[in-house]
Amino acid sequence: MLTELYPTFKKNNIAVVFSITDNYVPIFGTCLQSLISNSSSHNNYDIYVFAENISENNQMRLKLMCSQKNFSLTFIDIKPYLSKYPRSDFYLSEHITIAAYYRFFIPLVFKNFEKVVYSDSDVIYENDVALLYKQNIGDCIIGAALSGWPYAMNDKFKHYALDILKMTDASKYIQDGILLCNIKRMIAYDFTNKCIKALKRIKTPRTWDQCVINSVCDGQIYFLDRKWNVEWHYPFCHPNYEQKVSQRIYDDYLAARAKPNIIHYASAIKPWNAPERDLASNFWKYARISPFYEEMLNILLTPKLPKASDLNQIKEITNLGKLKIKYLKYKLLSFLTIGKKRRKYYEKKKAVKTRIKNIKKFLRTL
(Lines give C-alpha, C1' and ligand atoms only; values in the text may rest on other atoms or scores of the structure.)
Protein backbone atom coordinates (compact mmCIF):
# COMPACT_ATOMS: atom_id res chain seq x y z
CA MET A 1 0.00 0.00 0.00
CA LEU A 2 1.33 3.44 -0.98
CA THR A 3 1.73 5.93 1.85
CA GLU A 4 1.17 9.63 1.20
CA LEU A 5 4.21 11.51 2.41
CA TYR A 6 4.26 15.20 3.32
CA PRO A 7 7.09 17.41 4.63
CA THR A 8 7.51 16.86 8.37
CA PHE A 9 8.23 20.51 9.16
CA LYS A 10 6.15 23.49 8.06
CA LYS A 11 9.14 25.88 7.81
CA ASN A 12 12.70 25.46 6.53
CA ASN A 13 12.11 21.78 5.71
CA ILE A 14 15.29 20.28 4.21
CA ALA A 15 14.35 16.88 2.73
CA VAL A 16 17.17 14.37 2.16
CA VAL A 17 16.68 10.76 1.02
CA PHE A 18 19.08 7.81 1.21
CA SER A 19 18.88 4.14 0.24
CA ILE A 20 20.49 1.46 2.44
CA THR A 21 20.46 -2.20 3.46
CA ASP A 22 20.99 -3.52 6.99
CA ASN A 23 24.67 -4.38 6.48
CA TYR A 24 25.30 -0.79 5.35
CA VAL A 25 23.84 0.79 8.51
CA PRO A 26 27.22 1.55 10.22
CA ILE A 27 28.43 3.33 7.07
CA PHE A 28 25.18 5.24 6.72
CA GLY A 29 25.34 6.05 10.44
CA THR A 30 28.73 7.69 9.88
CA CYS A 31 27.34 9.62 6.91
CA LEU A 32 24.34 10.70 8.99
CA GLN A 33 26.66 11.81 11.82
CA SER A 34 28.53 14.08 9.39
CA LEU A 35 25.23 15.57 8.20
CA ILE A 36 24.13 16.21 11.79
CA SER A 37 27.51 17.67 12.80
CA ASN A 38 27.31 20.21 9.97
CA SER A 39 23.65 21.11 10.45
CA SER A 40 22.23 24.44 11.62
CA SER A 41 19.63 25.11 14.32
CA HIS A 42 17.96 27.50 11.84
CA ASN A 43 16.95 24.59 9.56
CA ASN A 44 14.75 21.51 9.96
CA TYR A 45 16.14 18.28 8.54
CA ASP A 46 13.64 15.80 7.13
CA ILE A 47 15.62 12.55 6.57
CA TYR A 48 14.14 9.62 4.62
CA VAL A 49 15.59 6.17 4.03
CA PHE A 50 14.56 3.69 1.35
CA ALA A 51 15.06 0.71 3.64
CA GLU A 52 15.80 -2.90 2.76
CA ASN A 53 15.39 -5.35 5.65
CA ILE A 54 16.78 -3.02 8.32
CA SER A 55 16.50 -4.59 11.76
CA GLU A 56 14.33 -2.94 14.40
CA ASN A 57 17.40 -2.42 16.57
CA ASN A 58 19.26 -0.58 13.82
CA GLN A 59 16.19 1.50 13.01
CA MET A 60 15.95 2.52 16.66
CA ARG A 61 19.66 3.44 16.83
CA LEU A 62 19.39 5.61 13.72
CA LYS A 63 16.23 7.29 15.03
CA LEU A 64 18.01 8.09 18.30
CA MET A 65 20.68 9.90 16.28
CA CYS A 66 17.89 12.14 14.94
CA SER A 67 16.23 12.87 18.27
CA GLN A 68 16.92 16.64 18.10
CA LYS A 69 13.80 18.75 17.70
CA ASN A 70 14.88 19.93 14.22
CA PHE A 71 15.50 16.40 12.90
CA SER A 72 13.14 13.67 11.72
CA LEU A 73 13.96 10.22 10.32
CA THR A 74 11.45 8.13 8.34
CA PHE A 75 11.93 4.68 6.82
CA ILE A 76 10.17 4.01 3.51
CA ASP A 77 9.20 0.68 1.98
CA ILE A 78 9.88 1.26 -1.71
CA LYS A 79 8.54 -2.12 -2.91
CA PRO A 80 4.92 -0.97 -3.53
CA TYR A 81 6.21 1.70 -5.93
CA LEU A 82 8.08 -0.95 -7.93
CA SER A 83 5.20 -3.42 -8.04
CA LYS A 84 3.94 -2.54 -11.52
CA TYR A 85 7.40 -2.98 -13.07
CA PRO A 86 8.67 -6.55 -13.65
CA ARG A 87 12.12 -7.27 -12.25
CA SER A 88 13.31 -8.05 -15.78
CA ASP A 89 12.99 -4.32 -16.56
CA PHE A 90 16.08 -3.66 -14.44
CA TYR A 91 19.60 -4.46 -15.63
CA LEU A 92 21.53 -6.09 -12.77
CA SER A 93 25.19 -7.13 -12.81
CA GLU A 94 28.25 -7.51 -10.59
CA HIS A 95 27.39 -6.04 -7.16
CA ILE A 96 24.49 -3.95 -8.49
CA THR A 97 21.02 -4.79 -7.17
CA ILE A 98 17.64 -3.28 -7.95
CA ALA A 99 18.30 -0.75 -5.14
CA ALA A 100 20.51 1.19 -7.58
CA TYR A 101 17.35 2.18 -9.43
CA TYR A 102 15.34 3.40 -6.43
CA ARG A 103 16.14 7.02 -7.28
CA PHE A 104 14.02 6.63 -10.43
CA PHE A 105 10.97 6.60 -8.13
CA ILE A 106 11.73 9.78 -6.16
CA PRO A 107 9.02 11.91 -7.85
CA LEU A 108 6.38 9.25 -7.08
CA VAL A 109 7.35 8.93 -3.42
CA PHE A 110 7.83 12.66 -2.82
CA LYS A 111 5.07 14.06 -5.04
CA ASN A 112 3.92 16.38 -2.21
CA PHE A 113 7.36 17.98 -1.86
CA GLU A 114 8.94 20.86 -3.73
CA LYS A 115 12.51 19.57 -3.67
CA VAL A 116 14.48 16.60 -2.34
CA VAL A 117 18.21 15.93 -2.08
CA TYR A 118 19.08 12.36 -3.03
CA SER A 119 22.36 11.20 -1.46
CA ASP A 120 24.39 8.02 -1.69
CA SER A 121 25.39 6.69 1.73
CA ASP A 122 29.13 6.34 1.09
CA VAL A 123 29.60 10.09 1.48
CA ILE A 124 30.69 12.51 4.18
CA TYR A 125 29.19 15.98 4.61
CA GLU A 126 31.68 18.73 5.37
CA ASN A 127 29.13 21.52 5.00
CA ASP A 128 25.44 22.09 5.70
CA VAL A 129 23.26 20.10 3.27
CA ALA A 130 20.75 22.98 3.52
CA LEU A 131 23.13 25.07 1.38
CA LEU A 132 22.74 22.50 -1.38
CA TYR A 133 18.98 22.14 -0.90
CA LYS A 134 18.38 25.89 -1.11
CA GLN A 135 20.13 26.34 -4.45
CA ASN A 136 17.84 27.62 -7.19
CA ILE A 137 18.03 25.29 -10.19
CA GLY A 138 15.24 27.06 -12.10
CA ASP A 139 13.27 24.80 -14.44
CA CYS A 140 15.96 22.11 -14.57
CA ILE A 141 14.88 18.58 -13.65
CA ILE A 142 17.87 17.88 -11.43
CA GLY A 143 20.99 19.52 -10.11
CA ALA A 144 24.17 17.41 -10.17
CA ALA A 145 27.95 17.75 -10.39
CA LEU A 146 29.87 16.77 -13.49
CA SER A 147 31.72 13.51 -13.20
CA GLY A 148 35.40 13.95 -12.40
CA TRP A 149 36.37 11.44 -15.06
CA PRO A 150 36.98 12.95 -18.52
CA TYR A 151 34.55 10.74 -20.41
CA ALA A 152 34.40 13.08 -23.39
CA MET A 153 38.15 12.62 -23.94
CA ASN A 154 37.66 8.88 -24.46
CA ASP A 155 36.48 8.31 -28.02
CA LYS A 156 34.75 5.01 -27.20
CA PHE A 157 32.79 6.55 -24.36
CA LYS A 158 32.05 9.61 -26.46
CA HIS A 159 30.44 7.43 -29.13
CA TYR A 160 28.56 5.49 -26.44
CA ALA A 161 27.23 8.70 -24.86
CA LEU A 162 26.16 10.17 -28.20
CA ASP A 163 24.91 7.05 -30.00
CA ILE A 164 23.53 4.89 -27.19
CA LEU A 165 22.66 7.34 -24.42
CA LYS A 166 21.58 9.93 -27.03
CA MET A 167 23.34 12.76 -25.16
CA THR A 168 24.03 15.95 -27.09
CA ASP A 169 27.40 16.55 -25.37
CA ALA A 170 29.40 13.72 -23.75
CA SER A 171 31.40 16.21 -21.66
CA LYS A 172 28.20 17.02 -19.71
CA TYR A 173 28.05 13.53 -18.16
CA ILE A 174 27.14 13.85 -14.47
CA GLN A 175 27.78 11.73 -11.35
CA ASP A 176 24.39 10.89 -9.84
CA GLY A 177 25.44 10.03 -6.26
CA ILE A 178 24.21 13.48 -5.21
CA LEU A 179 21.08 14.87 -6.86
CA LEU A 180 19.02 17.96 -6.15
CA CYS A 181 15.60 16.91 -7.40
CA ASN A 182 13.01 19.39 -8.69
CA ILE A 183 9.93 17.28 -7.90
CA LYS A 184 7.30 19.25 -9.86
CA ARG A 185 9.46 19.26 -12.98
CA MET A 186 10.22 15.55 -12.59
CA ILE A 187 6.50 14.74 -12.38
CA ALA A 188 5.63 16.94 -15.36
CA TYR A 189 8.45 15.31 -17.33
CA ASP A 190 7.22 11.78 -16.44
CA PHE A 191 10.72 11.10 -15.12
CA THR A 192 10.06 7.62 -13.70
CA ASN A 193 8.53 6.13 -16.84
CA LYS A 194 11.13 7.81 -19.05
CA CYS A 195 13.89 6.23 -16.96
CA ILE A 196 12.35 2.75 -17.24
CA LYS A 197 11.88 3.15 -21.01
CA ALA A 198 15.45 4.41 -21.44
CA LEU A 199 16.79 1.48 -19.39
CA LYS A 200 14.95 -0.95 -21.69
CA ARG A 201 16.34 0.82 -24.75
CA ILE A 202 19.94 1.02 -23.49
CA LYS A 203 19.70 -2.57 -22.16
CA THR A 204 23.18 -2.81 -20.58
CA PRO A 205 24.15 0.67 -19.30
CA ARG A 206 27.82 0.88 -18.36
CA THR A 207 27.18 2.68 -15.10
CA TRP A 208 23.65 1.46 -14.51
CA ASP A 209 21.25 4.14 -13.15
CA GLN A 210 23.80 6.89 -13.81
CA CYS A 211 23.83 6.31 -17.57
CA VAL A 212 20.03 6.25 -17.63
CA ILE A 213 19.68 9.53 -15.73
CA ASN A 214 22.26 11.18 -17.99
CA SER A 215 20.29 10.01 -21.00
CA VAL A 216 16.86 11.04 -19.69
CA CYS A 217 17.88 14.43 -18.24
CA ASP A 218 20.26 15.49 -21.00
CA GLY A 219 20.00 19.24 -21.58
CA GLN A 220 17.89 19.75 -18.45
CA ILE A 221 20.54 19.49 -15.73
CA TYR A 222 21.74 22.29 -13.46
CA PHE A 223 25.47 21.75 -12.91
CA LEU A 224 26.41 22.00 -9.25
CA ASP A 225 29.86 23.05 -8.09
CA ARG A 226 32.06 19.94 -7.90
CA LYS A 227 32.53 20.67 -4.19
CA TRP A 228 29.12 19.04 -3.72
CA ASN A 229 30.36 15.68 -5.02
CA VAL A 230 34.12 15.20 -4.74
CA GLU A 231 34.94 11.69 -5.94
CA TRP A 232 37.92 10.76 -3.82
CA HIS A 233 39.47 7.92 -5.83
CA TYR A 234 40.83 9.46 -9.04
CA PRO A 235 44.39 10.17 -7.85
CA PHE A 236 44.98 6.55 -6.75
CA CYS A 237 42.65 4.57 -9.06
CA HIS A 238 43.76 6.37 -12.21
CA PRO A 239 47.56 6.87 -12.40
CA ASN A 240 48.63 10.13 -14.04
CA TYR A 241 45.10 11.48 -13.70
CA GLU A 242 46.35 15.02 -14.26
CA GLN A 243 47.72 14.00 -17.68
CA LYS A 244 44.42 12.49 -18.77
CA VAL A 245 42.32 15.59 -18.25
CA SER A 246 42.52 19.19 -19.38
CA GLN A 247 44.24 21.70 -17.10
CA ARG A 248 40.87 23.34 -16.43
CA ILE A 249 39.25 20.07 -15.28
CA TYR A 250 42.29 19.18 -13.16
CA ASP A 251 42.44 22.60 -11.46
CA ASP A 252 38.68 22.46 -10.85
CA TYR A 253 38.99 19.00 -9.30
CA LEU A 254 41.91 20.02 -7.06
CA ALA A 255 40.05 23.12 -5.84
CA ALA A 256 37.00 21.02 -4.95
CA ARG A 257 39.13 18.33 -3.30
CA ALA A 258 40.98 20.93 -1.20
CA LYS A 259 37.75 22.26 0.32
CA PRO A 260 34.93 19.74 -0.29
CA ASN A 261 31.33 20.17 0.81
CA ILE A 262 30.66 16.46 0.21
CA ILE A 263 33.29 13.73 -0.16
CA HIS A 264 32.04 10.78 -2.17
CA TYR A 265 33.87 7.52 -1.48
CA ALA A 266 33.06 6.07 -4.88
CA SER A 267 34.93 3.05 -6.33
CA ALA A 268 35.71 -0.31 -4.74
CA ILE A 269 38.31 1.33 -2.47
CA LYS A 270 36.64 2.70 0.67
CA PRO A 271 37.97 4.54 3.75
CA TRP A 272 36.95 1.59 5.93
CA ASN A 273 39.28 -0.73 4.02
CA ALA A 274 41.94 1.84 3.10
CA PRO A 275 42.23 4.24 6.09
CA GLU A 276 45.69 5.38 4.99
CA ARG A 277 44.34 7.04 1.82
CA ASP A 278 44.00 10.78 1.45
CA LEU A 279 40.54 12.01 2.65
CA ALA A 280 39.90 8.74 4.56
CA SER A 281 40.57 10.64 7.83
CA ASN A 282 37.49 12.78 7.09
CA PHE A 283 35.35 9.65 7.24
CA TRP A 284 36.94 8.38 10.46
CA LYS A 285 36.56 11.79 12.11
CA TYR A 286 32.79 11.30 12.04
CA ALA A 287 32.89 7.54 12.59
CA ARG A 288 34.58 8.16 15.97
CA ILE A 289 31.69 10.27 17.25
CA SER A 290 28.92 8.11 15.77
CA PRO A 291 27.17 5.27 17.66
CA PHE A 292 28.63 2.87 15.08
CA TYR A 293 32.36 3.43 15.73
CA GLU A 294 33.01 -0.03 17.18
CA GLU A 295 31.28 -1.68 14.22
CA MET A 296 33.33 0.40 11.80
CA LEU A 297 36.49 -0.71 13.63
CA ASN A 298 35.32 -4.30 13.32
CA ILE A 299 34.85 -3.85 9.57
CA LEU A 300 38.34 -2.31 9.37
CA LEU A 301 40.04 -5.05 11.42
CA THR A 302 38.23 -8.06 9.97
CA PRO A 303 40.41 -9.71 7.32
CA LYS A 304 38.78 -9.32 3.96
CA LEU A 305 38.49 -12.65 2.22
CA PRO A 306 38.58 -12.44 -1.56
CA LYS A 307 35.22 -12.96 -3.21
CA ALA A 308 34.83 -15.78 -5.71
CA SER A 309 34.40 -13.15 -8.42
CA ASP A 310 37.73 -11.55 -7.42
CA LEU A 311 39.51 -14.91 -7.54
CA ASN A 312 38.10 -15.48 -11.00
CA GLN A 313 39.35 -12.07 -12.10
CA ILE A 314 42.83 -12.81 -10.71
CA LYS A 315 42.88 -15.99 -12.79
CA GLU A 316 41.69 -13.99 -15.78
CA ILE A 317 44.63 -11.58 -15.48
CA THR A 318 47.02 -14.40 -16.38
CA ASN A 319 45.01 -14.94 -19.58
CA LEU A 320 44.98 -11.29 -20.63
CA GLY A 321 47.63 -11.74 -23.36
CA LYS A 322 45.84 -14.76 -24.82
CA LEU A 323 42.50 -12.96 -24.70
CA LYS A 324 43.90 -10.03 -26.68
CA ILE A 325 45.15 -12.41 -29.37
CA LYS A 326 41.76 -14.16 -29.44
CA TYR A 327 40.02 -10.82 -29.79
CA LEU A 328 42.13 -9.88 -32.83
CA LYS A 329 41.52 -13.34 -34.31
CA TYR A 330 37.73 -13.15 -33.94
CA LYS A 331 37.71 -9.55 -35.15
CA LEU A 332 39.48 -10.60 -38.34
CA LEU A 333 37.26 -13.66 -38.87
CA SER A 334 34.08 -11.64 -38.30
CA PHE A 335 35.30 -9.37 -41.10
CA LEU A 336 36.34 -12.13 -43.53
CA THR A 337 33.34 -14.46 -43.13
CA ILE A 338 29.66 -14.05 -44.03
CA GLY A 339 26.26 -15.19 -42.80
CA LYS A 340 26.03 -17.44 -39.73
CA LYS A 341 29.80 -17.71 -39.40
CA ARG A 342 30.18 -13.95 -39.32
CA ARG A 343 27.53 -13.69 -36.59
CA LYS A 344 29.24 -16.49 -34.63
CA TYR A 345 32.65 -14.79 -34.73
CA TYR A 346 31.10 -11.41 -33.98
CA GLU A 347 29.51 -12.81 -30.80
CA LYS A 348 32.79 -14.47 -29.81
CA LYS A 349 34.65 -11.20 -30.38
CA LYS A 350 32.08 -9.37 -28.26
CA ALA A 351 32.36 -11.90 -25.40
CA VAL A 352 36.17 -11.71 -25.33
CA LYS A 353 36.04 -7.91 -25.41
CA THR A 354 33.78 -7.95 -22.34
CA ARG A 355 36.24 -10.23 -20.50
CA ILE A 356 39.15 -7.89 -21.32
CA LYS A 357 37.13 -4.88 -20.18
CA ASN A 358 36.26 -6.59 -16.86
CA ILE A 359 39.93 -7.43 -16.23
CA LYS A 360 40.96 -3.81 -16.81
CA LYS A 361 38.18 -2.57 -14.52
CA PHE A 362 39.32 -5.00 -11.80
CA LEU A 363 42.97 -3.92 -12.15
CA ARG A 364 41.96 -0.28 -11.50
CA THR A 365 40.62 -1.31 -8.07
CA LEU A 366 43.88 -2.95 -6.93
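Start at 1 with the first residue, then count along the sequence.
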- I would like to know whether N193 and Y85 meet side-chain hydrogen bond (donor to acceptor under 3.5 Å, both in side chains); could you show each step before the answer? CA-CA 10 Å; N193 285 323; Y85 299 98; 2.6 Å; yes

- Message: Heavy-atom count check: over 12 atoms from other residues, nucleotides or ligands less than 6.0 Å from D139 CG?
- Response: no

- Task: Please report the closest heavy-atom contact between Y160 and R206, naming both atoms and the distance.
- Result: OH-N, 3.0 Å

- Could you give the distance from CG (N53) to OG1 (T21), rounded to the nearest 0.5 Å? 8.5 Å

- What residues form a salt bridge (Lys or Arg N to Asp or Glu O under 4.0 Å) with R61, not counting sequence neighbours? E295

- Query: Taking only residues two or more places apart in sequence or in another chain, which ones pass salt bridge (Lys or Arg N to Asp or Glu O under 4.0 Å) with D209?
  - Reply: R103

- Query: Which pairs, with at least one residue in residues 246-265 and sequence neighbours excluded, count as a salt bridge (Lys or Arg N to Asp or Glu O under 4.0 Å)?
  - Reply: R226-D252, R257-D278

- Item | Joint cluster assignment, V49 & F9, ILVMFWY side-chain distance < 4.5 Å | no

- Message: Is any side-chain heavy atom of Y24 closer than 4.5 Å to one of C31?
- Response: no

- Considering non-hydrogen atoms only, spot the tightest contact between P271 and W284 and give its length. O-NE1, 2.9 Å

- Item | From Q247 atom CD to L254 atom CG, the distance as rounded to the nearest 0.5 Å | 8.5 Å

- Message: If I compare all heavy atoms of A268 with all of N273, which pair ends up nearest, and what's the gap?
- Response: O-ND2, 3.9 Å

- Message: Looking at K172 and D218, is there a salt bridge between them, counting it only when a charged N and a carboxylate O are closer than 4.0 Å?
- Response: no

- Item | L224 side chain reached by N229 side chain, heavy atoms, under 4.5 Å | no

- Tell me yes or no: between the side chains of Y125 and S119, is some donor less than 3.5 Å from an acceptor? yes

- Sequence neighbours left out, what passes side-chain contact (heavy atoms from CB on, under 4.5 Å) with K329? Give chain and number order. L333

- Provide the full list of salt bridge (Lys or Arg N to Asp or Glu O under 4.0 Å) pairs with a residue in residues 10-32, sequence neighbours left out, each pair given once. none

- Task: Calculate, to the nearest 0.5 Å, the distance between atoms OG1 and NZ belonging to T74 and K63 respectively.
- Result: 5.5 Å

- Shared hydrophobic cluster, L82 / L2 (ILVMFWY, side-chain heavy atoms < 4.5 Å): yes

- Task: List the atom of Y253, the atom of H233, and the distance in Å for their closest heavy-atom pair.
- Result: OH-N, 4.5 Å

- Message: Using a 3.5 Å distance criterion without hydrogens, assess whether the side chain of S215 forms a donor-acceptor pair with backbone atoms of C211.
- Response: no

- Query: Is a side-chain donor or acceptor of W208 paired with a backbone partner of L92 at a separation under 3.5 angstrom?
  - Reply: no

- Message: Could you tell me if the side chain of T192 sits less than 4.5 Å from the side chain of Y81, heavy atoms only?
- Response: no

- Query: Should V216 and L162 be counted in the same cluster of Ile, Leu, Val, Met, Phe, Trp and Tyr side chains packed under 4.5 Å apart?
  - Reply: no

- Query: Can you check whether I47 reaches V16 side chain to side chain, under 4.5 Å on heavy atoms?
  - Reply: yes

- Query: Has the side chain of Q175 got a donor or acceptor atom that lies under 3.5 Å from a matching backbone atom of G177?
  - Reply: yes

- Would you say I338 has more than 12 foreign heavy atoms packed within less than 6.0 Å of its CD1? no

- With a 4.5 Å limit on heavy-atom distance, are the side chains of C140 and L180 in contact? no

- Roughly how far, to the nearest 0.5 Å, is the CG atom of N182 from the SG atom of C217? 10.5 Å

- Applying salt bridge (Lys or Arg N to Asp or Glu O under 4.0 Å), which residue pairs with at least one partner in residues 178-195 are found, sequence neighbours left out? none

- Are any of the side-chain heavy atoms of F28 and L62 separated by less than 4.5 Å? yes

- Within residues 27-43 or reaching into it, pairs that qualify as side chain to side chain donor-acceptor pair (under 3.5 Å) - sequence neighbours excluded: Q33-S37, N38-Y286, N43-Y45, N43-D128, N43-K134

- Task: For residues 341-353, pull every pair meeting side chain to side chain donor-acceptor pair (under 3.5 Å), keeping only residues two or more places apart or in separate chains.
- Result: none

- Message: Between F105 and F50 (judged by ring centroids, cut-off 6.0 Å), do the two rings come close enough to count as a pair?
- Response: no

- Which residues satisfy the salt bridge (Lys or Arg N to Asp or Glu O under 4.0 Å) test with D122, sequence neighbours excluded? K270

- Worked verdict on Y101 versus L199 for side chain to side chain contact (heavy atoms under 4.5 Å, CB included): CA-CA 10 Å; Y101 301 102; L199 181 55; 3.9 Å; yes

- Item | Donor-acceptor under 3.5 Å (W272 side chain, F283 main chain) | no

- Any residue meeting side-chain contact (heavy atoms from CB on, under 4.5 Å) with L5, in chain and number order, not counting sequence neighbours: Y48, I76, V109, F110, F113

- Taking atom CD1 of I27 and atom CD1 of I124, what is their separation to the nearest 0.5 Å? 10.5 Å

- Task: Could you go through the side chain to side chain contact (heavy atoms under 4.5 Å, CB included) check for R277 and Y265 one step at a time?
- Result: CA-CA 11 Å; R277 299 283 190 181; Y265 297 103; over 6 Å; no

- Message: Is there a side-chain contact between I174 and N214 in this structure, where contact means two heavy atoms from C-beta onward sitting under 4.5 Å apart?
- Response: yes

- Message: Using 0.5 Å steps for rounding, measure from the OH atom of Y250 to the OH atom of Y241.
- Response: 8.5 Å

- Note on the structure: Here the salt bridge (Lys or Arg N to Asp or Glu O under 4.0 Å) pairs for residues 38-58, sequence neighbours left out, are none

- When clusters are formed from ILVMFWY side-chain contacts under 4.5 Å, directly or step by step, what else is grouped with L336? L332, F335

- Decide side chain to side chain contact (heavy atoms under 4.5 Å, CB included) for F71 and L35; before the verdict, give the C-alpha distance in whole Å, the side-chain angles of both, and the deciding distance to 0.1 Å. CA-CA 11 Å; F71 266 81; L35 190 153; 3.8 Å; yes

- Message: Quiz question: by atom type and distance under 3.5 Å, do the side chains of T207 and Y173 form a donor-acceptor pair?
- Response: yes

- With a cut-off of 6.0 Å (strictly less than), are more than 12 heavy atoms of other residues, nucleotides or ligands near CD of E114? no

- Search all heavy atoms of C195 against all heavy atoms of V212 and return the closest pair with its distance. O-CG1, 3.4 Å

- Note on the structure: For A99 and S19 the tightest heavy-atom approach is O-OG, 4.2 Å

- Report yes if the side chains of K115 and I14 come closer than 4.5 Å at any heavy-atom pair, otherwise no. no

- Residue pair D120 / Y118, side-chain donor-acceptor N/O under 3.5 Å: yes

- Message: For residues I187 and Y6: do they belong to one hydrophobic cluster (side chain heavy atoms under 4.5 Å, members Ile, Leu, Val, Met, Phe, Trp, Tyr)?
- Response: no

- Message: Under a plain distance cut-off of 3.5 Å, with no hydrogens placed, do S55 and N57 share a side-chain donor-acceptor pair?
- Response: no

